[in-house]
Structures are given as C-alpha cells and as structure tokens.
Amino acid sequence: MVLNNPYQTYQKQAVTTSKPEDLTFMLYQGLVKFIRLSKNALQNNKLEECHRNNLRAQDILSELMVTLKQGYSVSDSLLSMYDYMKSRLIEANLSKNLELLVEVEGFALELSETWSTAMKLSKSKS
C-alpha cells in the first residue's frame with residue numbers, strides 16, 4: 001500500500017491544472033529555489049547536496065529551453081540567456097564556485113520578477 005504525501009499530491013495537481021504562464025512562473029521559482037539550495041550546501045561544504053541541487057536547476061533550464069515557443073525575437077534572446085545560465089551552472093558545479101551561483105541566481109530572480117510583472121499586467125488588461 002502506497003501512502004501519498006498530501007503536499008506532493010497538491011503539487012502534482014497544481015502542475016497538471018495550471019495555465020502555461022503559471023507553469024513557467026513555477027519553473028522560474030524552482031530555478032531560484034534550487035540555486036539557493038546549491039549555494040547554501042556549498043557554503044556548508046555539503047558537496048553532494050550542492051551537486052544535486054545544481055543539477056535540478058540545470059534540469060529546469062533545460063525544460064525552459066525545450067518549451068520555449070520559437071519564432072519570436074524574444075525567444076531567441078531567452079534561449080541564449082538560458083544557455084548561458086546553464087553553462088555557468090555547469091561551470092559552478094565543476095569548480096564549486098559560489099560567485100557563479102550568485103551570478104546565475106541574479107539572472108533567475110530577474111526573470112522570475114519580470115515574468116510575475118508580465119502576468120499581472122496581462123491579467124489587469126483582461
């Protein structure tokens with residue numbers, strides 16, 4: 001008999017019933033979360049945990065890259081940005097460089113805040 005964690009059930013339902021713009025925002029929030037967890041683990045010399053969280057952040061960037069709607073100039077810019085961020089995370093993971101994680105965290109926060117603002121503006125116009 002498998003018991004479901006109520007939080008995991010809620011998360012799964014939230015993902016499967018969310019609009020695409022909400023899912024993108026969740027990805028940005030997750031990206032920030034896993035970068036912060038990676039930073040914290042690195043600062044506490046928990047290298048395996050740092051590695052694991054860094055990989056989760058990289059996975060989120062990969063998902064953002066493959067779900068990006070092509071054919072718009074902003075898509076090309078975002079794809080370049082995601083690619084740069086992912087390469088910096090890989091470098092940070094290999095070198096255990098905190099400064100690189102801080103750099104990517106800043107970009108992730110900016111993307112998350114910009115997306116949140118765009119969503120609010122879009123809702124106010126409808």
Side-chain angles (χ1 to χ4, degrees):
M1 181 169 142
V2 176
L3 297 176
N4 286 332
N5 176 329
Y7 180 70
Q8 288 175 333
T9 302
Y10 169 79
Q11 279 186 312
K12 184 176 181 180
Q13 187 171 9
V15 168
T16 57
T17 61
S18 293
K19 298 176 191 172
E21 59 269 20
D22 294 330
L23 291 173
T24 300
F25 186 61
M26 286 183 219
L27 287 171
Y28 284 141
Q29 289 178 313
L31 179 60
V32 171
K33 171 187 165 184
F34 288 112
I35 293 169
R36 286 181 173 166
L37 288 171
S38 184
K39 278 177 35 187
N40 186 50
L42 182 57
Q43 290 169 324
N44 290 301
N45 205 33
K46 296 180 179 178
L47 300 184
E48 182 58 36
E49 185 179 328
C50 173
H51 172 73
R52 194 171 46 253
N53 287 305
N54 187 303
L55 290 179
R56 296 285 303 268
Q58 289 177 48
D59 288 344
I60 290 171
L61 284 167
S62 294
E63 182 66 20
L64 286 165
M65 292 167 89
V66 299
T67 59
L68 196 58
K69 199 173 213 177
Q70 298 298 314
Y72 301 96
S73 60
V74 71
S75 299
D76 295 336
S77 298
L78 282 171
L79 186 59
S80 294
M81 184 63 165
Y82 296 156
D83 187 52
Y84 175 78
M85 292 168 69
K86 188 172 179 182
S87 69
R88 297 299 272 179
L89 283 176
I90 291 168
E91 188 178 340
N93 205 17
L94 292 172
S95 64
K96 301 303 182 223
N97 185 323
L98 185 62
E99 289 177 19
L100 294 176
L101 291 172
V102 170
E103 175 190 359
V104 178
E105 178 188 28
F107 294 136
L109 280 169
E110 190 172 330
L111 286 166
S112 180
E113 291 167 6
T114 301
W115 193 260
S116 175
T117 301
M119 287 173 50
K120 287 174 188 168
L121 288 173
S122 175
K123 286 179 184 175
S124 70
K125 290 184 179 185
S126 16

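A quick note: this is a predicted structure, and the numbers were derived from the prediction, not measured.
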ask   = If two hydrophobic side chains count as joined below 4.5 Å and joins carry through other members, does Phe107 share a cluster with Leu31?
value = yes
key: Exercise: identify the closest heavy-atom pair between Cys50 and Ser38   = O-OG, 3.0 Å
ask   = Can you name the closest pair of heavy atoms from Leu68 and Ser75 and give their distance?
value = CD2-O, 3.1 Å
task = Taking the side chain as every heavy atom from C-beta outward, state whether Gln29 and Lys33 have any pair of such atoms under 4.5 Å apart.
result = no
ask   = For the hydrophobic clusters of this structure (ILVMFWY residues joined by side-chain heavy atoms under 4.5 Å, transitively), does one cluster hold both Trp115 and Leu23?
value = no
query = About how many Å separate CG of Leu47 and CZ of Arg52, when rounded to the nearest 0.5 Å?
reply = 11.5 Å
request  = Hey, could you give me the CG/CG distance between Leu78 and Leu111, rounded to the nearest 0.5 Å?
outcome  = 6.5 Å
note = Separation between CZ (Arg56) and CG (Leu37), nearest 0.5 Å, reads 9.5 Å
Separation between CD1 of Ile60 and CE of Met65, rounded to the nearest 0.5 Å = 14.0 Å
ask   = Looking only at heavy atoms, what is the nearest atom pair of Ala57 and Phe34, with distance?
value = N-CB, 4.0 Å
request  = Any pair with a residue in residues 93-111 that passes side-chain hydrogen bond (donor to acceptor under 3.5 Å, both in side chains), sequence neighbours left out, goes on the list, sorted by first then second residue, please.
outcome  = Arg36-Glu105, Lys39-Glu105, His51-Asn93, Tyr84-Glu103, Arg88-Glu103, Asn93-Lys96
inquiry  = Is the ring pair Tyr82/Tyr28 parallel, tilted or perpendicular, if the boundaries are 30 and 60 degrees?
reply    = tilted
inquiry  = Quick check: do Asp22 and Lys19 have side-chain heavy atoms less than 4.5 Å from each other?
reply    = yes
task = Could you check if a side-chain atom of Leu89 sits within less than 4.5 angstrom of a side-chain atom of Leu100, using non-hydrogen atoms only?
result = no
ask   = Can you hop from Met81 to Val74 via hydrophobic side chains spaced under 4.5 Å?
value = yes
request  = Heavy atoms only: give me the nearest Leu101-Leu42 pair and the separation to one decimal.
outcome  = CD1-CD2, 4.0 Å
message = For Asn54, give me all partners under side chain to side chain donor-acceptor pair (under 3.5 Å), at least two apart in sequence or on another chain.
response = Gln58
Taking every non-hydrogen atom, the tightest pair across Met119 and Phe25 = SD-CB, 3.8 Å
request  = Rounded to the nearest 0.5 Å, what's the gap from OG1 on Thr117 to CG on Leu121? Could you check?
outcome  = 6.5 Å
Shared hydrophobic cluster for Val32 and Ile90 (ILVMFWY, side-chain gaps under 4.5 Å) = no
ask   = So if you build clusters from Ile, Leu, Val, Met, Phe, Trp, Tyr with side-chain heavy-atom gaps below 4.5 Å, do Leu109 and Leu64 land together?
value = no
remark   = Between the CG atom in Leu27 and the OG atom in Ser62, the distance rounded to the nearest 0.5 Å is 11.0 Å
